[in-house]
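For the numbers below, each heavy atom of this structure counts, side chains included, while hydrogens, waters and symmetry mates do not. Here the structure is a predicted model, which means the values were calculated and not measured.
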Amino acid sequence: TAYRSHLYKVQKENETMKVHIERLLEQIRTNERANKLEAACKWFRDEAVRLDEQQKVVEKKANGNKKRIISLEDENKWLMNQLKACKKQLKG
């Protein structure tokens, strides 16, 4: 009976260790998942910053182009008026 009692204790200890190992493995898996999520979050954050900077550059170029278009339209109007004035002088 002493042998059986000892064997029973060893089996219980073995089962306890298996449960403990399973918990540790689950913590490792959870930690790996958390690390992957953190890495993905960092990538998205960096990508958002990069896209924001890129958007600012594009917006600045667009504003410059708008100003240039307005300037060219004003110049076009002035030239059209000059052309009309010249035509009137040639007719008159």
Could you walk me through whether L51 and Q54 pass side-chain contact (heavy atoms from CB on, under 4.5 Å), step by step? CA-CA 5 Å; L51 290 173; Q54 193 175 31; 3.6 Å; yes
Between L79 and L83, is a side-chain contact (heavy atoms from CB on, under 4.5 Å) present by the stated rule, with each step listed? CA-CA 6 Å; L79 288 172; L83 182 63; over 6 Å; no
Can you measure from [atom1] ([X]) to [atom2] ([Y]) and round to the nearest 0.5 angstrom?
{"X": "I21", "Y": "I28", "atom1": "CD1", "atom2": "CD1", "answer": "10.5 Å"}
{"X": "Y8", "Y": "E13", "atom1": "OH", "atom2": "CD", "answer": "13.0 Å"}
{"X": "K66", "Y": "E59", "atom1": "NZ", "atom2": "CD", "answer": "8.0 Å"}
{"X": "L7", "Y": "N14", "atom1": "CG", "atom2": "CG", "answer": "10.5 Å"}
{"X": "D74", "Y": "I69", "atom1": "CG", "atom2": "CD1", "answer": "12.0 Å"}
{"X": "R68", "Y": "L72", "atom1": "CZ", "atom2": "CG", "answer": "5.5 Å"}

E15/V19 under side-chain contact (heavy atoms from CB on, under 4.5 Å): CA gap, chis, key distance, verdict: CA-CA 6 Å; E15 288 175 17; V19 169; 5.6 Å; no
Examine distances only and state if a side-chain atom of S71 and a backbone atom of K67 form a donor-acceptor pair shorter than 3.5 Å.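 Flag not set: sc S71 to bb K67 has no pair under 3.5 Å.
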Without swapping roles, check the side chain of T16 against the backbone of K12 for a donor-acceptor pair under 3.5 Å.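 A pair under 3.5 Å: yes.
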Are [X] and [Y] packed together at the side-chain level, in the sense that at least one heavy-atom pair is separated by less than 4.5 angstrom?
{"X": "E53", "Y": "K56", "value": "yes"}
{"X": "K61", "Y": "V58", "value": "no"}
{"X": "K42", "Y": "R45", "value": "yes"}

Just do the side-chain contact (heavy atoms from CB on, under 4.5 Å) check on K87 and L90 with the steps written out, would you? CA-CA 5 Å; K87 282 183 180 180; L90 289 173; 5.7 Å; no
If you draw a 6.0 Å radius around CD in E75, do more than 12 non-hydrogen atoms from other residues or ligands fall strictly inside? no
Might you confirm whether atom CZ of R29 has over 12 heavy atoms from other residues, nucleotides or ligands at distances under 6.0 Å?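 For R29, atom CZ is crowded (more than 12 foreign heavy atoms under 6.0 Å).
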